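Side chains are part of it too, since the values below use all heavy atoms of this structure and drop only hydrogens, waters and symmetry mates. All values reported here derive from a predicted model rather than from experimental measurement. Numbers restart at 1 for each chain; the letters A, B, ... are given by sequence-line order, proteins then strands.
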Amino acid sequence: MISEEQFLTSVFWAQELPRDEQERARRGITLRTVEAGAYLIHRGDRIDNWTGVVTGLLRLGSITTSGKAVTYAGLPPSCWFGEGSLLKDEPRQYDVLALRRTQVALLNRATFHWLYENSVAFDRLLVRLINERLGQFIAQVEHDRTLDSAGRVARSLASLFNPVISPFMGSHIDISQEEIGLLAGVSRPVANRVLQELEKAGLLRNEGGGVTILDLERLRYYGE
DNA sequence: GCATTAACACGTA
DNA sequence: TACGTGTTAATGC
């Protein structure tokens with residue numbers, strides 16, 4: 001179980017629940033650390049938790065039959081995921097890999113289902129998140145087919161700062177150019193070149209192991 | 001052409 | 001020493 005203070009500061013949806021439901025949710029959450037390069041979830045695993053990123057960075061994706069890594073989304077701090085597998089009670093469809101040492105919060109299955117059955121506030125939260133994620137993935141399919149590498153890097157960076165999905169993000173993220181390349185599906189030299197291009201355009205600031213976003217709206221539509 | 005990999009130099013924690 | 005960044009050369013689709 002996590003402390004009340006940790007619950008309120010690291011779980012963005014805590015305040016959306018009435019007091020008694022908050023307390024029930026808090027008692028159902030445990031913390032866990034995943035080392036850099038380790039898998040939190042393998043494709044085919046049975047899922048027993050709804051999972052939130054507290055610190056660090058995860059990559060949602062899979063490996064194609066030809067062995068190529070495909071990224072579906074970066075999962076930054078304050079992002080919660082895995083509700084699909086819990087609601088459908090089916091094995092996990094994708095891999096979740098820690099790009100760096102990452103702390104996650106795990107809400108156990110029983111508590112998740114209790115909230116799902118009994119809390120209007122929790123259901124509204126789920127609908128909002130699923131709706132937003134659907135829009136994000138549809139946009140991503142379009143962009144992967146139309147944008148060049150600069151647009152894809154800009155897009156995948158911008159998607160980390162989605163205020164519905166990861167509301168605690170602010171404007172800075174600790175992420176190396178190597179990791180940006182892994183998320184955007186480009187090599188590090190390309191990520192490096194694009195980041196300099198985006199900095200020249202005034203959309204972000206490169207800070208060595210991190211990036212500060214200066215203009216999220218233009219970053220989101222860069223290259224269109 | 002544009003991207004990738006491998007390699008090297010450089011600065012910093 | 002380890003890591004992140006900037007850059008180049010060789011190579012492939």
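Using a 4.0 Å cut-off between charged nitrogen and carboxylate oxygen, A/Glu197 and A/Lys200 do not count as a salt-bridge pair.
Atom CZ in A/Arg193 sits roughly 14 Å away from atom C1' in C/dT8 (whole-Å rounding). At whole-Å resolution of the value, CD in A/Glu207 and P in C/dC3 are 21 Å apart. Protein atom CD of A/Glu197 is 14 Å distant from nucleotide atom P of C/dG6, rounded to whole Å. Straight-line distance from the CG atom of A/Leu195 to the C1' atom of C/dG4: 12 Å, rounded to whole Å. Rounded to whole angstrom, the span from the CD atom of A/Glu178 across to the C1' atom of C/dA2 amounts to 14 Å. Atom CZ in A/Arg188 sits roughly 11 Å away from atom C1' in B/dC8 (whole-Å rounding). Between A/Gln177 atom CD and B/dT4 atom P there is a gap of 14 Å when expressed in whole angstrom units. Whole-Å rounding puts the A/Leu182 CG to B/dT4 P distance at 11 Å.
With respect to A/Tyr94, the side-chain contact (heavy atoms from CB on, under 4.5 Å) criterion is satisfied by exactly one of A/Leu60, A/Ile41, A/Thr71: A/Leu60.
Contact annotation: A/Ser149 does not reach the phosphate of B/dC2 (side-chain N/O to OP1 or OP2, under 4.0 Å). Taking side-chain N and O atoms only, A/Asn192 has no distance below 4.0 Å to OP1 or OP2 of C/dT5. Within the 4.0 Å cut-off from OP1 or OP2 of C/dT5, not a single side-chain nitrogen or oxygen of A/Gln196 is found.
The residue A/Ser187 sits close to a base: some heavy atom pair falls under 4.0 Å.
The aromatic ring centroids of A/Phe112 and A/Trp80 lie 6.0 Å or more from each other.
Across B/dT4, C/dG4, B/dT5, the shortest atom-to-atom separation from the side chain of A/Val190 is found for B/dT4.
Within 6.0 Å of atom CZ in A/Arg101, 12 or fewer heavy atoms from other residues, nucleotides or ligands are found, so the atom counts as exposed in its surroundings.
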